[in-house]
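Everything below concerns the one structure shown next.
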Amino acid sequence: MLRGRPRRGREAHPATGDDPAGEADPLDAAQERRVRAVLALGGVPQADLPDGVQQVRLRLLERAASGREAPRDVSAWAAVVASNLAMDWHRAKRRQERLGERLAALRQPAEHPSGEDSSVLSVAVAQGLDELPDAQRQVVVLRFYADLPVRSIAEQLGVPEGTVKSRLHTAVRALRARLHEDEVV
């Protein structure tokens, strides 16, 4: 069974003394913060972060319930699952955008107001991340935002270390070109 501590703020079940779900929380506070960060940096909106964290918890509990061995590094495993969830969110978002574009083409095009003024660099990096292919965005987020080593990323994704390094190199080069193109740096 996975080891974990009950989260603060949850009340113990009066009859059993267990937490309300009957299981100890498989993610500690630091792991939860890391999962939230990976989801947010992967482009998941703030409003959807709690659902994403719950999805990671659920997958960890399902893994234990199916009798599979606990991940060797729960924190790294959770970060990769969060990254995969962020990729899934982007795919769904793109499908919705394409549908919206098709619907808009049937109507007269409407002008969209420009976004709020914010840090130019942050916006440019976020846009650059959004434009990267899913596999490249995933390794960038896991390496630079979740701070996972290349070896751990390779193990968790089931690809060779060289593939992770290649994806990182290509993604960083594309981001750098994007920032120079936009004259941000």
Side-chain angles (χ1 to χ4, degrees), residues 2 4-5 7 25-60 63 70-97 115-185:
L2 298 172
R5 291 181 259 145
R7 293 177 57 207
D25 190 346
L27 295 177
D28 65 26
Q31 292 166 337
E32 183 175 333
R33 283 191 301 274
R34 188 179 210 182
V35 165
R36 282 179 173 278
V38 169
L39 289 168
L41 291 166
V44 176
Q46 288 290 326
D48 293 339
L49 292 181
D51 289 338
V53 172
Q54 288 301 88
Q55 282 293 319
V56 172
R57 260 192 199 96
L58 177 63
R59 291 190 185 172
L60 197 53
R63 180 182 176 112
R72 194 173 21 208
D73 182 352
V74 174
S75 186
W77 182 90
V80 170
V81 170
S83 177
N84 288 335
L85 287 171
M87 286 178 24
D88 292 345
W89 184 88
H90 274 283
R91 287 183 190 119
K93 178 182 168 193
R94 278 191 229 128
R95 280 191 300 271
Q96 288 290 56
E97 287 172 351
E116 299 175 1
D117 288 336
S118 59
S119 168
V120 175
L121 181 60
S122 295
V123 170
V125 169
Q127 289 172 341
L129 280 172
D130 284 344
E131 292 174 2
L132 290 175
D134 291 338
Q136 290 178 11
R137 183 182 332 100
Q138 183 178 35
V139 295
V140 166
V141 169
L142 290 172
R143 177 66 187 106
F144 298 113
Y145 295 104
D147 200 28
L148 292 178
V150 170
R151 174 172 283 164
S152 182
I153 295 169
E155 288 173 2
Q156 295 296 326
L157 295 179
V159 298
E161 285 184 46
T163 300
V164 173
K165 290 176 183 178
S166 173
R167 289 176 184 172
L168 280 171
H169 175 77
T170 305
V172 169
R173 191 175 60 210
L175 286 172
R176 186 178 295 128
R178 163 71 191 240
L179 295 176
H180 285 296
E181 180 182 301
D182 291 347
E183 297 180 355
V184 175
V185 292

Polar side-chain atom of R143 near backbone of L148 as donor-acceptor pair, under 3.5 Å: yes
Side chain to side chain, W77 and L60, heavy atoms closer than 4.5 Å: yes
Beyond-backbone contact of R137 with E131, side-chain heavy atoms, under 4.5 angstrom: no
Interatomic spacing from CZ in R173 to CZ in R176 - rounded to 0.5 Å: 9.5 Å
Any donor-acceptor N/O pair, H90 side chain to G42 backbone, under 3.5 Å: yes
Q31 vs D28 side-chain heavy atoms within contact, under 4.5 Å: yes
Point-to-point distance, once rounded to the nearest 0.5 Å, from CG of L39 to CD of Q46: 10.0 Å
Minimum heavy-atom distance L27-A78, with the two atoms named: CD2-CB, 4.0 Å
Residue pair R63 / P71, side-chain heavy-atom distance below 4.5 Å: yes
Heavy-atom closest pair, residues A76 and R34: N-NH1, 4.2 Å
Minimum side-chain heavy-atom gap V35-E32 below 4.5 Å: no
Heavy-atom side-chain proximity of V80 to I153 below 4.5 angstrom: no
Flag side-chain contact, heavy atom, 4.5 Å: D48 against W89: yes
Distance (rounded to the nearest 0.5 Å) between L132 CG and T170 OG1: 10.0 Å
Minimum-distance pair of heavy atoms, taken over all atoms of V38 and S83: CG1-N, 3.6 Å
Distance-only side-chain donor-acceptor flag, Q54 / R57, under 3.5 Å: yes
Atom pair CD (Q138) and CG (D134), whose distance is rounded to the nearest 0.5 Å: 8.0 Å
Heavy-atom pair of closest approach, residues R178 and G128: CG-CA, 4.2 Å
P133 and Q136, any side-chain heavy atoms less than 4.5 Å apart: yes
Minimum-distance pair of heavy atoms, taken over all atoms of L129 and V140: CD2-CG1, 3.7 Å
Intermediate values then yes/no, side-chain contact (heavy atoms from CB on, under 4.5 Å), T163 and V139: CA-CA 10 Å; T163 300; V139 295; over 6 Å; no
Spacing of CG belonging to L168 relative to CD belonging to E161, to within rounding of 0.5 Å: 11.5 Å
V44 and L49: CA distance, side-chain angles, deciding distance, side-chain contact (heavy atoms from CB on, under 4.5 Å) verdict: CA-CA 7 Å; V44 176; L49 292 181; 4.0 Å; yes
salt_bridge(E155, R72) N-O dist < 4.0 Å: yes
NE2-CG distance between H180 and L175, expressed to the nearest 0.5 angstrom: 11.0 Å
